[in-house]
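Encoded as structure tokens, the structure appears first; notes follow it.
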Amino acid sequence: DLLDARVEVSEPGPRLVVRVRRAVVPAAVASALVPDDPLAGDVSLEGTATLEPHRLAADLDAALGGGALHVHGTMDPAAYTTPTGVRVTARDVDLGSLLRAVQGPAPVSLALTVRPGSLRPLEISGELEAYAAPAEVSGEKLGPLDLRLAVRRGNIEAARIGIRWPGARM
């Protein structure tokens, strides 16, 4: 099965709920549809997304590059707020097995937390942690990347940044 999904439209008022039990995008299919497609590996998705006039909610899991990606949270696009916060995590994703431009193993991890409240740049609060091992991308050696940020009401309160790419190191 490449797709097992259900779409619900509820009354009263516009409400769209998409429940995906399993959707798979094989790399070969993506390449056939998009000639310059960067995918080298399959991607699968499952979860629920809900769209209402003042609410967008997601609880989605993806398997990609031998690892996992999870997205959970809600937001009000009209007010540009998140009542419950948003959490995005990626664990053990190997960009080398996922993207054609990456040669060899390239493990990546990410954790992004947006705290409940405003999503406006000068008011947002949250944390970001990201790690990428050294990798060769399109013939260039990049990495490692080690990034940790804490933002409170739009201000960076704590940061640790370690990155290396050709001609620069930080």
Side-chain angles (χ1 to χ4, degrees), residues 1-7 16-51 56-75 77 80 82 85-115 119 121 124 126-151 156 158-170:
D1 289 298
L2 293 181
L3 179 63
D4 181 2
R6 184 173 72 219
V7 176
L16 176 66
V17 178
V18 178
R19 296 183 204 286
V20 179
R21 286 195 191 104
R22 182 178 162 105
V24 177
V25 179
V29 170
S31 294
L33 296 174
V34 182
D36 293 331
D37 169 53
L39 286 181
D42 298 348
V43 175
S44 68
L45 175 74
E46 63 182 51
T48 303
T50 305
L51 178 61
L56 172 63
D59 190 7
L60 301 168
D61 290 296
L64 61 160
L69 173 71
H70 181 75
V71 178
H72 178 81
T74 61
M75 68 177 286
Y80 213 57
T82 174
V86 175
R87 179 97 172 133
V88 178
T89 57
R91 294 283 177 249
D92 302 321
V93 175
D94 178 12
L95 295 181
S97 66
L98 181 66
L99 301 173
R100 295 183 202 292
V102 181
Q103 291 80 44
V108 172
S109 295
L110 171 104
L112 170 67
T113 301
V114 178
R115 301 286 174 212
L119 293 170
I124 196 166
E127 295 81 32
L128 170 65
E129 292 184 21
Y131 174 79
E136 188 173 323
V137 180
S138 297
E140 295 285 337
K141 294 198 185 300
L142 303 177
L145 166 71
D146 187 6
L147 175 67
R148 299 186 196 299
L149 295 175
V151 177
I156 297 175
R160 185 175 94 203
I161 301 171
I163 188 168
R164 174 189 276 163
W165 63 87
R169 183 178 184 165
M170 190 160 68

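- With values rounded to the nearest 0.5 angstrom, Leu95 atom CG is found 11.0 Å from Leu142 atom CG.
- Using a 4.5 Å heavy-atom cutoff, the side chains of Val43 and Leu45 are not in contact.
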Task: Residue pair Arg115, Glu127: steps toward the salt bridge (Lys or Arg N to Asp or Glu O under 4.0 Å) verdict - done: CA-CA 8 Å; Arg115 301 286 174 212; Glu127 295 81 32; 2.6 Å; yes
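- Across every non-hydrogen atom of Val86 and Thr74, the tightest pair is CG2-O, 3.9 Å.
- A salt bridge is defined here as a Lys NZ or Arg NE, NH1 or NH2 lying under 4.0 Å from an Asp or Glu carboxylate O, and Arg22 with Glu46 fails to meet this definition.
- Just one residue in the list Leu60, Val88, Asp59 forms a side chain to side chain contact (heavy atoms under 4.5 Å, CB included) with His70, and that residue is Asp59.
- The heavy-atom pair separating Leu149 from Ala159 by the smallest distance is CD2-CB, 3.4 Å.
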TODO: Show the numbers, then the answer: is there a salt bridge (Lys or Arg N to Asp or Glu O under 4.0 Å) between Glu136 and Lys141?
DONE: CA-CA 4 Å; Glu136 188 173 323; Lys141 294 198 185 300; 3.4 Å; yes
- [ ] Check the pair Thr89 / Thr113 against side chain to side chain contact (heavy atoms under 4.5 Å, CB included), numbers first and verdict last.
- [x] CA-CA 9 Å; Thr89 57; Thr113 301; over 6 Å; no
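- Here the straight-line distance linking atom CG of Asp94 with atom CG of Leu64 works out to 10.0 Å at 0.5 Å rounding.
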Task: Steps toward side chain to side chain contact (heavy atoms under 4.5 Å, CB included) verdict (Val114, Arg87) - done: CA-CA 6 Å; Val114 178; Arg87 179 97 172 133; over 6 Å; no
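- The minimum heavy-atom distance between Arg19 and Thr48, with the atom names listed, is NH1-CG2, 3.7 Å.
- Taking each heavy atom of Val102 and Ala106 in turn, the nearest pair found is CG1-CB, 3.7 Å.
- Closest of all the heavy-atom pairs between Val108 and Ala132 is CG2-CB, 4.1 Å.
- Between Ala111 and Arg91, the shortest heavy-atom contact is CB-NH2, 3.8 Å.
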